[in-house]
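For reference, the structure is listed below as C-alpha cells.
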2 protein chains.
Amino acid sequence: MNDPDFSRCIRDAGGRVTAARLAVLRCLAAAEEPLTPDEVLEHLTQTPGHVPDRVTIYRAIDWLSAHGLVRRLATVGRAARYEPVEDREAHAHFQCRRCGQTRCLPAPSPPLPALPPGYVAERVELVIHGLCAACRAGENA
Amino acid sequence: MNDPDFSRCIRDAGGRVTAARLAVLRCLAAAEEPLTPDEVLEHLTQTPGHVPDRVTIYRAIDWLSAHGLVRRLATVGRAARYEPVEDREAHAHFQCRRCGQTRCLPAPSPPLPALPPGYVAERVELVIHGLCAACRAGENA
DNA sequence: GGAGTTTTTGCCATTTTATTGCATTTTTAC
DNA sequence: GTAAAAATGCAATAAAATGGCAAAAACTCC
Ligand SMILES: [Mn+2]
Ligand SMILES: [Mn+2]
Ligand SMILES: [Zn+2]
Ligand SMILES: [Zn+2]
C-alpha cells in the first residue's frame with residue numbers, strides 16, 4: 001500500500017485526509033506486528049516528518065478503527081494493539097506470556113461456533129498464548 | 001465446586017487460604033461470565049461476608065492466575081476479565097462490540113496453527129466479535 | 001491453644017493507558 | 001481566497017493497575 005492509496009482509503013471512508021491519519025496508517029502498515037498507540041508515537045518520533053500529539057494519535061486510531069481501516073486486537077496486555085485491515089487474509093496472533101510480544105501468524109480461519117439466538121458474529125479472532133523463542137531460551141535467566 | 005474444594009485448590013497450589021482468595025474464587029466460579037476485578041468487587045460488596053480491598057482483589061486474582069486457578073482472557077475492553085479454570089472444556093468467548101458483554105460459548109478447540117521455530121503454544125483462545133441479541137435489537141435506539 | 005515466623009492485607013501514593021473540553025489550526029467545498 | 005466543518009494540541013481528568021510499607025492474618029511447631 002502506498003500513500004495515494006492511504007489517502008484514498010481515508011477519503012473514501014468519508015473523512016479528511018490529515019497528516020496524523022496518514023502517518024498513523026502508514027506506520028501501522030509498515031510495522032510487522034500490531035502496535036500500541038504509544039509504540040506508534042515512538043515510531044513516528046524516530047521518523048522524519050510530522051509527529052502528532054499523543055492524543056491525536058489516539059483519535060486518529062479511533063477514527064481509523066471506526067471506519068474499518070485498522071482493527072483492535074483482543075490482547076492480554078494492558079495497552080490496546082492495532083493492525084491495518086488491508087486486504088490480507090484473516091490470521092491468528094501469537095502472544096508471548098513473558099515478554100508480551102504479539103505477532104501475526106499465518107493461520108486458517110477457524111470454524112465459527114454456534115451462537116445464542118439473536119447474536120451476530122462479525123469477526124473471529126484466534127489468539128495463541130505461549131512463549132516466544134527468545135523467552136523460551138532465556139526463561140531461567 | 002464447593003468451598004472445601006476451593007480451599008484445597010489454594011492450599012495445593014502452595015498458598016495460604018485467605019478470605020480474599022476464597023471470596024474471589026467463589027465469585028468467579030459463581031459468575032456466568034468472565035468478570036473484571038471491579039466487577040468482582042461489586043459482587044462481593046452485594047454479598048454477605050468479607051469484602052476485601054480493591055488492591056487485595058487485584059492481588060488475589062494475580063495469585064490465582066499465576067497458580068493456574070483462574071485465567072485472564074484476551075479482551076478488547078480496557079479492563080482485564082478473568083474466569084475460573086476449573087475442569088471445564090476449553091471454550092470460546094463472544095464479545096459484543098456495543099455493550100462489551102463477554103460470554104462463554106460452547107465451541108470446539110480450534111486447530112493449532114503452525115508456529116515459528118522455537119515458539120511454544122500453551123493455550124489457544126478463540127474470540128468471536130459481534131453484536132449480542134439485545135444490542136442488535138436496539139442498535140438504532 | 002499460644003508464641004514465632006512468614007505471608008497477606010489495607011491504605012495511600014503512583015504509574016500507565018485512555019478520554020474529555022476547548023481554543024486554535026487545518027482541511028475541504030465553493 | 002473565503003467560509004464552514006472537522007481535526008489538532010494542550011491541559012485537565014478518568015480508569016485500570018501497581019508499588020511501598022506497617023498492621024493483621026495464616027500457618028508451623030510445640
Ligand atoms: Mn496481525
Ligand atoms: Mn468462559
Ligand atoms: Zn517472549
Ligand atoms: Zn451487546
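Labels below follow one simple rule: chain letters A, B, ... track the order of the sequence lines, proteins then strands, and each chain is numbered from 1. Since this is a predicted model, take the numbers as computed values, not measurements. Below, all heavy atoms of this structure are taken into account, side chains as well, without hydrogens, waters or symmetry copies.
To the nearest 0.5 angstrom, A:Gln95 atom CD is 4.0 Å from A:Thr102 atom OG1.
Residues forming a side chain to side chain contact (heavy atoms under 4.5 Å, CB included) with A:Ala121 (at least two apart in sequence, or on another chain): A:Leu112, A:Leu115, B:Ile128. Applying the side chain to side chain donor-acceptor pair (under 3.5 Å) test to A:Asp38 and every residue at least two apart in sequence or in another chain returns A:Arg54. Applying the side chain to side chain contact (heavy atoms under 4.5 Å, CB included) criterion to B:Val17, with sequence neighbours excluded, gives B:Ser7, B:Ile10, B:Arg11, B:Leu22. With sequence neighbours excluded, no residue forms a side chain to side chain donor-acceptor pair (under 3.5 Å) with B:Arg59.
Within the 4.5 Å cutoff, the side chain of A:Leu69 has no heavy atoms near those of the A:Val85 side chain. Using a 4.5 Å cut-off on side-chain heavy atoms (C-beta onward), B:Leu73 and B:His93 make contact. With contacts defined as side-chain heavy-atom distances shorter than 4.5 Å, the pair A:Pro113/B:Pro106 does not qualify. At a threshold of 4.5 Å between non-hydrogen side-chain atoms, the residues B:Pro34 and B:Cys104 count as touching.
Every pair passing ring-ring contact (aromatic ring centres under 6.0 Å, His included) that includes a residue from residues 104-131 of chain A is listed here, sequence neighbours excluded: A:Tyr119-B:Phe94. Note on residues 7-61 of chain A: no pairs pass ring-ring contact (aromatic ring centres under 6.0 Å, His included), not counting sequence neighbours. Residue pairs meeting the salt bridge (Lys or Arg N to Asp or Glu O under 4.0 Å) criterion with at least one member in residues 13-36 of chain B, sequence neighbours excluded: B:Asp3-B:Arg26.
Scanning residues 35-60 of chain A for heavy-atom distances under 4.0 Å to DNA chain C yields A:Pro37, A:Val55, A:Tyr58, A:Arg59. Residues from residues 61-70 of chain B with heavy atoms under 4.0 angstrom of DNA chain C: there are none.
When only modelled atom types and interatomic distance are considered, A:His91 and A:Glu83 share a side-chain donor-acceptor pair under 3.5 Å.
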Which pairs, protein N/O on one side and nucleotides 22-25 of chain D N/O on the other, fall under 3.5 Å?
none

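The local environment of CZ in A:Arg123 is crowded, with over 12 non-hydrogen atoms from other residues, nucleotides or ligands closer than 6.0 Å.
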side-chain contact (heavy atoms from CB on, under 4.5 Å) evaluation trace for B:Tyr82 with B:Leu64 = CA-CA 10 Å; B:Tyr82 298 85; B:Leu64 293 168; over 6 Å; no
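First and last contacts of DNA chain C with chain B, using any nucleotide atom under 4.0 Å from a protein heavy atom and ordered 5' to 3', fall at C:dT6 to C:dT19.
Scanning atom types as modelled, one donor and one acceptor separated by under 3.5 angstrom connect the side chain of B:Arg78 and the base of D:dA15.
Defining each end axis of the helix from C:dG1-D:dC30 to C:dC30-D:dG1 as the rotation carrying four pairs' C1' atoms onto the next four, with five pairs an end, the two axes are found to diverge by 50° to 10 degrees.
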